[in-house]
Amino acid sequence: MTKTLSIPRPCTRIWLLMMVLTFITWAVAQLGLSGQWLILGVLAIALVKGQLVVDHFMGLRRVRGFWRPLLTGYLLLLGAALAGAFFL
Amino acid sequence: MKYQSQLVAKPYFIAAIGLFIGQIIFGLIMGLQYVIGDFLFPEIPFNVARMVHTNLLIVWLLFGFMGSAYYMIPEESETELYSPKLALALFWIFLVAGALTIVGYLAVPYARLAEMTGNDLLPTMGREFLEQPTITKIGIVVVCLGFLFNLGMTVLKGRKTSVSLVLMTGLVGLALLFLFSFYNPTNLVLDKFFWWYVVHLWVEGVWELILGAILAFVLIKTTGVDREVIEKWLYVIIAMTLITGILGTGHHYYWIGAPEYWQLIGSVFSALEPIPFFMMTVFAFNMVNKRRRDHPNRAAVLWALGTAVMAFLGAGVWGFLHTLAPVNFYTHGSQITAAHGHMAFYGAYVMIVLTMISYTMPMMRGRAAANSLKSQVVEMWAFWLMTVSMVFITLFLTGAGILQVYLQRYSDAPQAFMVVQEKVELFYWMREYAGLVFLTGLLLYVVSFFIGGKEHAEQRA
Amino acid sequence: MNSTATVYDTQPKSPPGDLAIWVFILAELLVFAVLFVVYAMARRNNIELFNLHQLQLDRAAGLANTLVLITSSYFVVRAVAAIREGETQRCSRWLWAAFSLGALFLLIKGAEYQHHFSMGVTLRSNDFYLFYLSLTFFHFMHVIMGMVILAAVALKAQRGGYSVSEHTGVETGASYWHMVDLVWLILFPLVYVMH
Amino acid sequence: MSGTFTKSMARNIFIGGSAFFIFLFLALSFDTVRALPERDNRHNITDQVALGKKVWEDNNCVGCHSLMGEGAYFAPELANVYDRFGKSTEAIKGFIRSRPVDGIPGRRSMPQFNLSEEELDAVAQFLKWTSEINDAGWPPNIQG
């Protein structure tokens, strides 16, 4: 099974992206943003990072069946519930 | 039945059914006392009838668990029981100790019984489910040690299967947790805190391991599904049981003076306690659907499936009904608790012992695998009568509980306890009738073992 | 996106690792989801208290811990990639690297706890700290559990216990560790940032 | 490869998961026992209150009553009976002392326990002590 290694590996790029997203989450809060936009923004970033973990780190992107939709649904449902609790 | 020493289970099961009938009779007495306040007063006051009812329940279930273990372990370990004589000796010690305790409850006032049995030396009496005199408790510990020793030696010298290991874990856990019943501090809050180590960690912890092991054993024998598959699911189920059940103890610590973080932890984890029961239902139906052969004892398979479903309904659903702290604030110590108690005990533990009795009795009485078709039909009638009447008992008590909570707890003009009790009397009458139907079902169950006839189908065990 | 590092001819029907662990990953995700929603609901009836005490938290430590866990998770992905090519020693080195980052997480978190406890904060102080300590300590314990699993797998890998054809154990440990990371990815913004 | 579901993994999870949660439960129980003194009114436990608990147990009161919500549901909850009876131990003693031997026709009735004056005082003090435990404001109202 020959292996074509694209430099850098996809999982490395995903890792760097998540580090940046995390830094953004922190920076946004440090800059004193608060209230509705902070909550929505930070929550959205968290869900994106979560989806990246599910797809690339857990490797569910390459798995058929209900596993990926289940975890994506979990993230969306949880995100909606938290957003609802913070706003309604 | 491969090993002669498995016959030791027979007296245990017979004693279990005998005590079960006694339990139901006292249950009916109490049910009547709920509606006719002075029935049998002052000869048998309510508290005495209740002690007899609850203690008979626990003792006959213990007899059932011991009988099941004496039947399963030799077959699982593929060797004769270490000492059948010891098993029989312990049987008579336990039966006599139990009978004496019950006679003690009925014959003399409880305070007198406490005096006679030297409760002052080490006071452990007077607490719910643990009303036995201290000397009886010591007798129970002795019987447990002998029982575990007997089984332990059998397992050690024979094959070690997951089913027997899980069963042993459950039984050893049961024995160790019972030791907490000797701890009775003068501080009521501490007393209650550790009292739940005996009660909760039994029925929502180690007893579920015993339930899982027996159900797995019966399913292996009746469905012929590969042992590896069944034991794999058994471990997953009991892992979920302990994961949710241990911290689930918190739902007893809401209102007894313990710190308020238990309201969060207890609610969250006890809310998940129905999951292992749901998995057990899916597991049981799955195994029966994927069965490799049709076992002639269809009654036993019906009991096994019924156990899984009723355990999920009674312990799972009815438990979740009142386990969340905000809800429990109003339903704590009401008829809702009684409703959950009835269906959970019947669904999870009474039915699994009846499953084991229904599966093993024909073989222990010399038949190949099952009773005659006629007797199985009667047994199935007994199954449905008992199960449906228990559902109704639970529904009626839930109705009484909801009304009680609404009138006495939740309303802004709360009414007195006795006033509300009179208002819900209709439910208590209907519960009593359902109880009579239950007794009919139970008697039918006993009768079904005495109906002869050609053995059902020629298929061997 | 050109073909990724390793190519699968047919997509497998079940996730990497043992299915039993996935039963528990789903159960753990459910428990944490319930805890998060209950946190958010409890916050609604005294938002000032939650916002006030949230400021007491060391957000930088939270950030550091998030970066540490993400990196540790990445190391585990590299470990799985290594074992799939039969590189058992490289796999176990990646696993030990992930393990040490887990230890770093415990250190940072431990320092935070030490700081809180020294200020007399306990589960019983107030609602915010009840949830903060329950959620983070429950996750803290999961990090320890995950590290125990990673260590066991790393040791077995070191002894050549895994090969290209049989490395389910590595994938099982990896999946559990990713779950622990995923939970923290939500917990950090929820408890440390959102106000 | 993926798709396996082994018994050994399930057993490891059973052992690991149980140990994990037993540890958590013991840690919480330890914290609770440490935190109880300021909640459970233990500084007011006199010999009389201790005797009261013994009288409560020796006569199996929990066979009809519930205490702090635990026990039987045949007779009223007694954790707040002291408040319900107008914060008077005499009222409690009077009620117990005056139970008719043959009960009340057609109605639930408490048996006559023939308690001595000392025992009556003790159990009344025990019920007063129980009502002062910080049990998160339970029961919801005076009716218990």
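Protein chains get the first letters and strands the later ones, always in sequence-line order, with residue 1 at the start of each.
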Original post:
Is there a donor in the side chain of Asn141(D) and an acceptor in the side chain of Gln408(B), or the other way round, less than 3.5 Å apart?
Top reply: no
Subject >> Basic-acidic side-chain contact under 4.0 Å: Glu260(B), Arg39(D) >> reply: yes
Subject >> Main-chain N/O of Met68(D) paired with Lys192(B) side-chain donor or acceptor, under 3.5 Å >> reply: no
Subject >> Note: Asp191(B)-Lys53(D) ion pair, threshold 4.0 Å (strictly below) >> reply: yes
Subject >> Trp138(D): which of Tyr330(B), Trp255(B), Tyr254(B) passes side-chain contact (heavy atoms from CB on, under 4.5 Å) >> reply: Trp255(B)
Original post:
When you check the side-chain N and O atoms of Gln143(D) and Arg409(B), is any donor under 3.5 Å from an acceptor?
Top reply: no
Original post:
Which one, Val236(B), Ile238(B), Leu190(B), leads in non-hydrogen pairs under 4.5 Å with chain D?
Top reply: Ile238(B)
Original post:
Any idea which of Leu242(B), Ile246(B), Ile256(B) has the most non-hydrogen atom pairs under 4.5 angstrom with chain D?
Top reply: Ile246(B)
Original post:
What is the distance from atom CG of Asn59(D) to atom OH of Tyr110(B), rounded to the nearest 0.5 Å?
Top reply: 10.0 Å
Original post:
Would you call Arg127(B)-Glu70(D) a salt bridge at under 4.0 Å N-O?
Top reply: no
Original post:
Can you check whether Ser8(D)'s main-chain N or O pairs, donor with acceptor, with Tyr235(B)'s side chain at less than 3.5 Å?
Top reply: no
Subject >> Under-4.0 Å salt bridge between Glu228(B) and Lys7(D) >> reply: yes
